[in-house]
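Below is one structure, written out as structure tokens; the observations come after it.
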Amino acid sequence: MAQGKGKMAAAKKSAGSQRRKTVNAKKKSTKGWKTHAAKGRKAQAMKVDISTTKAINKKNESVTSARAISAGNTFYLNDIKEKGKKEIEQQNREKTKKEDKSTKLSDRLKDQLRELGREV
């Protein structure tokens, strides 16, 4: 039986085992696509997108929190969800309006002639 109050120290690991551990950690494969941070022009464009997204999220969060506080304990996300759906529908309608308009020069000229009253 060991005498004394001191505890045994943990066995020291060799330098080789430590090195192998770091090499294995580096070799460990990750799931999914390998991505790299954008540089230059693309990075600037991404920063603009990110800042826009953050601003929108901040606005949405402030609206949501204001509604939650004003509603007291009867707060549901359904009204916000419905408002979001209506906004998406409106944006889709605007997008299809832009897509429906003729983009070819000949189509536009024919439309203008029809408006003037001439048959094409």
Side-chain angles (χ1 to χ4, degrees):
M1 208 184 244
Q3 301 294 321
K5 297 178 184 177
K7 291 189 175 180
M8 298 280 292
K12 283 204 161 204
K13 295 190 175 182
S14 68
S17 71
Q18 295 291 354
R19 199 176 317 116
R20 281 191 297 278
K21 187 192 279 185
T22 58
V23 168
N24 286 339
K26 286 179 186 175
K27 282 183 181 177
K28 186 177 181 183
S29 65
T30 56
K31 291 185 178 181
W33 294 91
K34 288 182 174 55
T35 58
H36 303 285
K39 296 178 184 176
R41 182 173 44 88
K42 288 189 178 181
Q44 292 294 349
M46 285 177 63
K47 282 181 186 175
V48 171
D49 291 345
I50 289 169
S51 63
T52 305
T53 303
K54 283 185 179 179
I56 291 169
N57 289 343
K58 191 174 184 181
K59 184 195 75 149
N60 290 343
E61 191 173 331
S62 64
V63 168
T64 307
S65 59
R67 284 193 182 181
I69 290 170
S70 66
N73 61 353
T74 58
F75 175 67
Y76 300 102
L77 288 175
N78 282 344
D79 54 342
I80 295 170
K81 188 169 99 176
E82 288 170 9
K83 189 174 182 184
K85 282 185 179 179
K86 286 179 184 173
E87 180 70 24
I88 289 170
E89 287 172 9
Q90 179 189 2
Q91 288 178 359
N92 284 340
R93 278 195 304 269
E94 290 295 321
K95 188 169 64 174
T96 53
K97 272 186 197 175
K98 290 176 186 173
E99 289 174 354
D100 286 344
K101 291 186 179 178
S102 49
T103 54
K104 293 180 183 174
L105 178 64
S106 59
D107 292 340
R108 281 198 313 248
L109 291 174
K110 286 178 184 176
D111 289 340
Q112 287 176 359
L113 285 173
R114 282 192 198 105
E115 286 173 10
L116 291 173
R118 297 189 181 182
E119 234 9 78
V120 180

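In this text the structure is predicted, and so the values were computed from the model without any measurement.
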With [X] via side chain to side chain contact (heavy atoms under 4.5 Å, CB included) - residues at least two apart:
X: S17; answer: K13, S14, R20
X: A45; answer: none
X: D49; answer: none
X: T53; answer: N57

With sequence neighbours excluded, what pairs up with E87 under the side chain to side chain donor-acceptor pair (under 3.5 Å) test?
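Per chain and number, E87 pairs via side chain to side chain donor-acceptor pair (under 3.5 Å) with Q91.
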Quick test of your reading of the model: are R114 and D111 salt-bridged, counting only N-O distances below 4.0 Å?
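A salt bridge links R114 with D111.
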What distance do [X] atom [atom1] and [Y] atom [atom2] have between them, rounded to the nearest 0.5 Å?
X: T64; Y: K59; atom1: OG1; atom2: NZ; answer: 9.5 Å
X: K12; Y: Q18; atom1: NZ; atom2: CD; answer: 10.0 Å
X: E82; Y: K86; atom1: CD; atom2: NZ; answer: 6.5 Å

Could you tell me if the side chain of L109 sits less than 4.5 Å from the side chain of Q112, heavy atoms only?
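Side chain of Q112 against side chain of L109, heavy atoms only: contact under 4.5 Å found.
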If I compare all heavy atoms of A38 with all of A43, which pair ends up nearest, and what's the gap?
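Of all heavy-atom pairs spanning A38 and A43, the closest is O-CB, 3.5 Å.
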